[in-house]
Peer 1: 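The structure's right below; bear with me while I get my questions together.
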Amino acid sequence: MGLKFYPVEAEHKKPMRLSRYFLPILRETPKEAEIVSHRLMLRAGMIRQEAAGIYAWLPLGLRVLQKVGQIVREEMDRAGAIELLMPTLQLADLWRESGRYEAYGPEMLRIKDRHERELLYGPTNEDMITEIFRASVRSYRDLPKILYHIQWKFRDEQRPRFGVMRGREFLMKDAYSFDVDEASARLSYRRMFVSYLRIFARMGLRAIPMRAETGPIGGDLSHEFIILAQTGESAVFCHSDFLQLPIPGADTDYDGDLSPIIEEWTRLYAATEDVHDKARFEAETPEDKRIHTRGIEVGQVFYFGDKYSKPMQSLIAGPDGVERPFQGGSYGVGVSRLVGALIEANHDENGIIWPESVAPFKIGIANLKVGDGPTDTACLEIYRALETAGVEALYDDTDERPGAKFAKLDLIGLPYQIIVGPKGLAEGKVELKSRATGARQMLSPAEAIAHFSAA
RNA sequence: CGGGGUAUAGCGCAGCCUGGUAGCGCGGAAGUUUUGGGUACUUCAGGUCGCAGGUUCGAAUCCUGCUGCCCCGACCA
């Protein structure tokens, strides 16, 4: 009996008619939402809170979450990291072996199953990845390796707040590097560092690597990647030239020498307030180049050596035949947090302004007079043409007032709006509006379609 | 975890002080109207007043306990 294959077309996100979609817009802001990203995510129907720090991702929010995750995935893969998927629940015994079970404290959610086995909802995966790695890798010949996954984590924060920016349950990419010695481990660290520059840049964010304390995970080399935002959680100090530094290209050779990039991006002063050295800042940074603002941490890279490999006896035989613990690092990106951070960085008084790379849809089509023959026809023509071209569009075919449609489209922040109504059509035109700039141009429907289907 | 709030319809709120069986706006449904930046009007539907005790003839309202949620701080991706 042979296997039978059913070929299917490659999936891509299709356009959607709003009348068939699920987009629960709120006109008023729920009172619990304090910061702008939280307010806008609730109002735009992206998320719904189910418990303190625990959210359901509604369709619009999910699309953004998946796009952010996909960019992270593509850049991890480009840097040579390998994706796997570890479970959310872990055995307590694993954490006892690394010595972290008692150390972690009440932030860790501890659970018992029906057999009274002690489990925990993973707040991170160093212990588990070490266990997976040691089961099969024993030789330096198999190194270096970088493994990662994108998985939900849980940290029982004493005080969750800021919506998805500091939830208890959160989606995180965490990567782990395995090397035979420190020199090699530092090369892995550099790969991840450069990869992070690209990840955030692709989302339209300028993330600045700042020297960081190593925190409970441990180690002696660490950077936090921080985006500048007035509403950020911590005060930051940095050199303004960071805003100008070039982002490594997609053609960056991750097997080559990355040190020039690292040098360029770590030369200038950048620190969060907890490690800020005022004297050094002022000595190294000219007065007119000093930035003092607030920032949101969106990623962190650690080198932690044998912190886990040693207690867990994950040993690698080197070229000399001697076994030693591998040298490790871990590299996190807060995927769900980034969705909030993106809104903090991209909004105005009317709502969200998505960068194209993470927008839930690229275009919103507003039918200003549903039921009017020529208007309906023109909208459908555009909608179908975009569908054929594989352009993600949301067609507002609901029977609402034009003003309500404009407000809704501005709120959910799709990069482009195609506005179709009888007035414009009388001239043979539809309006194309950029959400970011507010620029409008009148085009024929065919021109509007060509504007997006060419690329 | 300390401190402070709050809990009444999907959302935002009033009613509580001075107990008498629940109301407003938005949203939803039906309709008329309107038609390029959240139109106006009419009608309708929707609530075990967080939970459990207690006081009382009677509790959203007073008392006790519990829980959820929010804010400030400490802490954290």
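No hydrogens, no waters, no symmetry mates; every other heavy atom, side chains included, goes into these values.
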Peer 1: Does a side-chain N or O of A:Gln49 approach OP1 or OP2 of B:rC70 to a distance below 4.0 Å, or not?
Peer 2: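 True: A:Gln49 side-chain N/O within range (under 4.0 Å) of B:rC70 OP1/OP2.
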Peer 1: Under 4.0 Å, counting only non-hydrogen atoms across every strand here, what does A:Ala366 touch: a base, just sugar-phosphate, or nothing?
Peer 2: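 Nothing: the residue A:Ala366, judged by heavy atoms under 4.0 Å, touches no strand.
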Peer 1: For a quick check of understanding: with a heavy-atom distance under 4.0 Å over all strands, which category does A:Ser336 fall into, base, sugar-phosphate or nothing?
Peer 2: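 It contacts nothing in the nucleic acid.
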Peer 1: Can you run down the side chain to side chain donor-acceptor pair (under 3.5 Å) pairs that involve residues 261-271 of chain A, sequence neighbours left out, and say none if there aren't any?
Peer 2: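 Every side chain to side chain donor-acceptor pair (under 3.5 Å) pair that includes a residue of residues 261-271 of chain A, provided the two are not neighbours, is A:Tyr269-A:His276.
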Peer 1: With nearest nucleotide decided by heavy atoms, which residue, A:Ala33 or A:Glu169, maps closer to the 5′ end of RNA chain B?
Peer 2: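 Nearest-nucleotide comparison on RNA chain B picks A:Ala33.
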Peer 1: Please report, rounded to the nearest Å, how far the P atom of B:rC72 is from the CD atom of A:Glu157.
Peer 2: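 Going from A:Glu157 (CD) to B:rC72 (P), I get 15 Å.
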Peer 1: In B/S/- notation, 5' to 3', how is nucleotides 27-39 of chain B contacted by protein heavy atoms closer than 4.0 Å?
Peer 2: S------BSBBBB
Peer 1: Determine all donor-acceptor pairs shorter than 3.5 Å in which one atom belongs to a side chain in residues 19-36 of chain A; sequence neighbours excluded.
Peer 2:
unit_1: A:Ser19; atom_1: OG; unit_2: A:Asp397; atom_2: OD1; d: 3.1
unit_1: A:Ser19; atom_1: OG; unit_2: A:Asp397; atom_2: OD2; d: 2.7

Peer 1: To the nearest angstrom, how far is A:Arg168 atom CZ from B:rC1 atom P?
Peer 2: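 Value for this atom pair: 12 Å.
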Peer 1: Considering only heavy atoms from C-beta outward, does the side chain of A:Arg290 approach that of A:Phe237 to under 4.5 Å?
Peer 2: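 Of all side-chain heavy-atom pairs linking A:Phe237 with A:Arg290, none is under 4.5 Å.
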Peer 1: Can you tell me the distance, in whole Å, between the CD atom of A:Gln158 and the C1' atom of B:rC69?
Peer 2: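 So the two atoms are 17 Å apart, to the nearest Å.
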Peer 1: How close or far is atom P of B:rC69 from atom CZ of A:Phe162, stated in whole angstroms?
Peer 2: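 Those two atoms, CZ and P, are 17 Å apart.
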Peer 1: Which base, if any, makes a Watson-Crick or G-U wobble pair with B:rC24, both distances under 3.5 Å?
Peer 2: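 Per the H-bond distance test, B:rG12.
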Peer 1: Both distances below 3.5 Å, Watson-Crick or wobble geometry, any strand: find the nucleotide opposite B:rU6.
Peer 2: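 Matched B:rU6 with B:rG68 under the 3.5 Å cut-off.
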Peer 1: Taking only residues two or more places apart in sequence, or in another chain, which ones meet A:Asp127 in a salt bridge (charged side-chain N to carboxylate O under 4.0 Å, His left out)?
Peer 2: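 A:Asp127 satisfies salt bridge (charged side-chain N to carboxylate O under 4.0 Å, His left out) with A:Arg100 only.
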Peer 1: Output the rounded distance in Å from CG (A:Asp274) to P (B:rC76).
Peer 2: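 After rounding, the gap between these two atoms is 8 Å.
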Peer 1: Tabulate protein N/O versus nucleotide N/O from nucleotides 23-25 of chain B, keeping only pairs under 3.5 Å, one per line.
Peer 2:
unit_1: B:rG25; atom_1: N2; unit_2: A:Glu28; atom_2: OE2; d: 2.7

Peer 1: Determine whether A:Glu233 and A:Glu297 satisfy the following criterion, side chain to side chain contact (heavy atoms under 4.5 Å, CB included), listing intermediate values before the conclusion.
Peer 2: CA-CA 8 Å; A:Glu233 70 239 302; A:Glu297 185 188 337; 4.1 Å; yes
Peer 1: Apply salt bridge (charged side-chain N to carboxylate O under 4.0 Å, His left out) to A:Glu427 and list each qualifying residue two or more places apart in sequence or on a separate chain.
Peer 2: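 Salt bridge (charged side-chain N to carboxylate O under 4.0 Å, His left out) list for A:Glu427, sorted by chain: empty.
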Peer 1: A:Glu107: what forms a salt bridge (charged side-chain N to carboxylate O under 4.0 Å, His left out) with it, not counting sequence neighbours?
Peer 2: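 With sequence neighbours excluded, A:Glu107 shows a salt bridge (charged side-chain N to carboxylate O under 4.0 Å, His left out) to no residue whatsoever.
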Peer 1: In Watson-Crick or G-U wobble terms, both distances under 3.5 Å, what is the partner of B:rC75?
Peer 2: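 Across all strands, not a single nucleotide pairs with B:rC75.
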Peer 1: Check this for me, if you would: do A:Lys408 and A:Glu400 make a salt bridge, where the nitrogen-to-carboxylate-oxygen distance has to be below 4.0 angstrom?
Peer 2: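 So A:Lys408 pairs with A:Glu400 through a salt bridge.
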Peer 1: Take A:Val298 and A:Arg159, find for each the nucleotide of RNA chain B with the closest heavy atom, and name the residue whose nucleotide sits nearer the 5' end.
Peer 2: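 Closer to the 5' end of RNA chain B: A:Arg159.
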Peer 1: Let me know the distance between CD1 of A:Ile35 and P of B:rC70, rounded to the nearest Å.
Peer 2: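 Between P of B:rC70 and CD1 of A:Ile35: 13 Å.
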Peer 1: Quick one: which protein N/O atoms are closer than 3.5 Å to N/O atoms of nucleotides 42-44 of chain B? Pair and distance per line, please.
Peer 2:
none

Peer 1: Please tabulate, for side-chain N and O atoms in residues 198-206 of chain A, each donor-acceptor pair with protein atoms closer than 3.5 Å (sequence neighbours left out).
Peer 2:
unit_1: A:Arg198; atom_1: NE; unit_2: A:Glu75; atom_2: OE1; d: 2.8
unit_1: A:Arg198; atom_1: NH1; unit_2: A:Pro248; atom_2: O; d: 2.9
unit_1: A:Arg198; atom_1: NH2; unit_2: A:Glu75; atom_2: OE2; d: 3.1
unit_1: A:Arg202; atom_1: NH1; unit_2: A:Glu74; atom_2: OE1; d: 3.0
unit_1: A:Arg202; atom_1: NH1; unit_2: A:Glu75; atom_2: OE2; d: 2.9
unit_1: A:Arg202; atom_1: NH2; unit_2: A:Glu74; atom_2: OE1; d: 2.8
unit_1: A:Arg206; atom_1: NH1; unit_2: A:Phe242; atom_2: O; d: 2.7
unit_1: A:Arg206; atom_1: NH1; unit_2: A:Leu243; atom_2: O; d: 3.4
unit_1: A:Arg206; atom_1: NH1; unit_2: A:Leu245; atom_2: O; d: 2.7
unit_1: A:Arg206; atom_1: NH2; unit_2: A:Leu245; atom_2: O; d: 3.1

Peer 1: Can you pull the salt bridge (charged side-chain N to carboxylate O under 4.0 Å, His left out) pairs that have at least one residue in residues 436-447 of chain A, sequence neighbours excluded?
Peer 2: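 The answer is A:Glu431-A:Arg440.
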Peer 1: Identify, with sequence neighbours excluded, every residue that meets salt bridge (charged side-chain N to carboxylate O under 4.0 Å, His left out) alongside A:Glu118.
Peer 2: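 In terms of salt bridge (charged side-chain N to carboxylate O under 4.0 Å, His left out), with neighbours along the sequence ignored, A:Glu118 is linked to A:Arg96.
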Peer 1: In whole angstrom, what separates A:Arg161's CZ from B:rC72's C1'?
Peer 2: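 From A:Arg161 CZ to B:rC72 C1': 8 Å.
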Peer 1: Mind checking if A:Gly340 touches a base, just sugar-phosphate, or nothing, with heavy atoms under 4.0 Å?
Peer 2: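 Here A:Gly340 touches no strand at all.
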Peer 1: Can you name the ring pair (Phe, Tyr, Trp, His ring centres under 6.0 Å) partners of A:Tyr176, sequence neighbours left out?
Peer 2: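 In terms of ring pair (Phe, Tyr, Trp, His ring centres under 6.0 Å), with neighbours along the sequence ignored, A:Tyr176 is linked to no residue.
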Peer 1: Measure the distance from CD1 on A:Ile54 to C1' on B:rG68 and round it to the nearest whole Å.
Peer 2: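 Computing the A:Ile54:CD1 to B:rG68:C1' distance gives 13 Å.
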